[in-house]
Amino acid sequence: MDFSPIIKAEVKKTIADFDKIKVELWNNGKTTSIYELDSIVPLYLEITKLDTVNNIVSGLFDFRVKRISNSLDTIRLSHGRFDILYQPE
């Protein structure tokens, strides 16, 4: 069986909402598992660039998530990077 999972992360809009990060594991277009931030392990988030002209924030991340239905099942997302378009208030 070919298992090619896709990980999708839903990130909330404010820093205060980082504890609400949800990660879905997908295979063949269907959600197979849902994980949430594991608060026992520190979350690493570094903003590496803030482009206020084009409204893009870039950075690096490293964190661990635990399966909602089985907290012993964990995934570490490491060496991650992001570029997110934001809307200034």
Quick one: pull up OG in Ser33 and CD1 in Ile75 and give me the separation to the nearest 0.5 Å. 7.0 Å
Rounded to the nearest 0.5 Å, what's the gap from CZ on Arg67 to CG on Leu72? Could you check? 11.0 Å
Does any non-hydrogen side-chain atom of Phe63 lie less than 4.5 Å from one of Val41? no
Here the pair of heavy atoms bringing Phe82 nearest to Leu60 is CE2-N, 3.7 Å
Report yes or no: does Thr31 contribute a side-chain atom to a donor-acceptor pair with the main-chain N or O of Glu24 at less than 3.5 Å? no
Locate the shortest heavy-atom distance separating Val57 from Tyr86; write the atom from each residue and the value. N-CD2, 4.0 Å
Look at the side-chain heavy atoms of Ile, Leu, Val, Met, Phe, Trp and Tyr, link any pair under 4.5 Å apart, and say whether Phe61 and Leu50 land in one connected group. yes
Between atom OG1 of Thr48 and atom CZ of Arg81, what is the distance when rounded to the nearest 0.5 Å? 7.5 Å
Quick one: do Tyr44 and Ile40 end up in the same hydrophobic cluster if we chain Ile, Leu, Val, Met, Phe, Trp and Tyr together by side-chain heavy atoms under 4.5 Å apart? no
Honestly curious: do Leu77 and Leu45 fall in one hydrophobic cluster under the side-chain, below-4.5 Å linking rule? yes
Which value, rounded to the nearest 0.5 Å, describes the distance between Asp83 atom CG and Lys49 atom NZ? 8.5 Å
To the nearest 0.5 Å, what is the distance between CG (Asp51) and OG (Ser58)? 8.0 Å
Does Asp62 pair with Arg76 as a salt bridge, N-O distance under 4.0 Å? yes
Determine whether a donor-acceptor pair (N or O, by modelled atom type, separation under 3.5 Å) exists between the side chain of Thr74 and the backbone of Lys66. no
Rounded to the nearest 0.5 Å, what separation is found between the OG1 atom of Thr32 and the CG atom of Leu25? 3.5 Å
Using only atom types and a distance under 3.5 Å, with no angle test, would you say the side chain of Asn54 pairs donor to acceptor with the backbone of Ile56? no
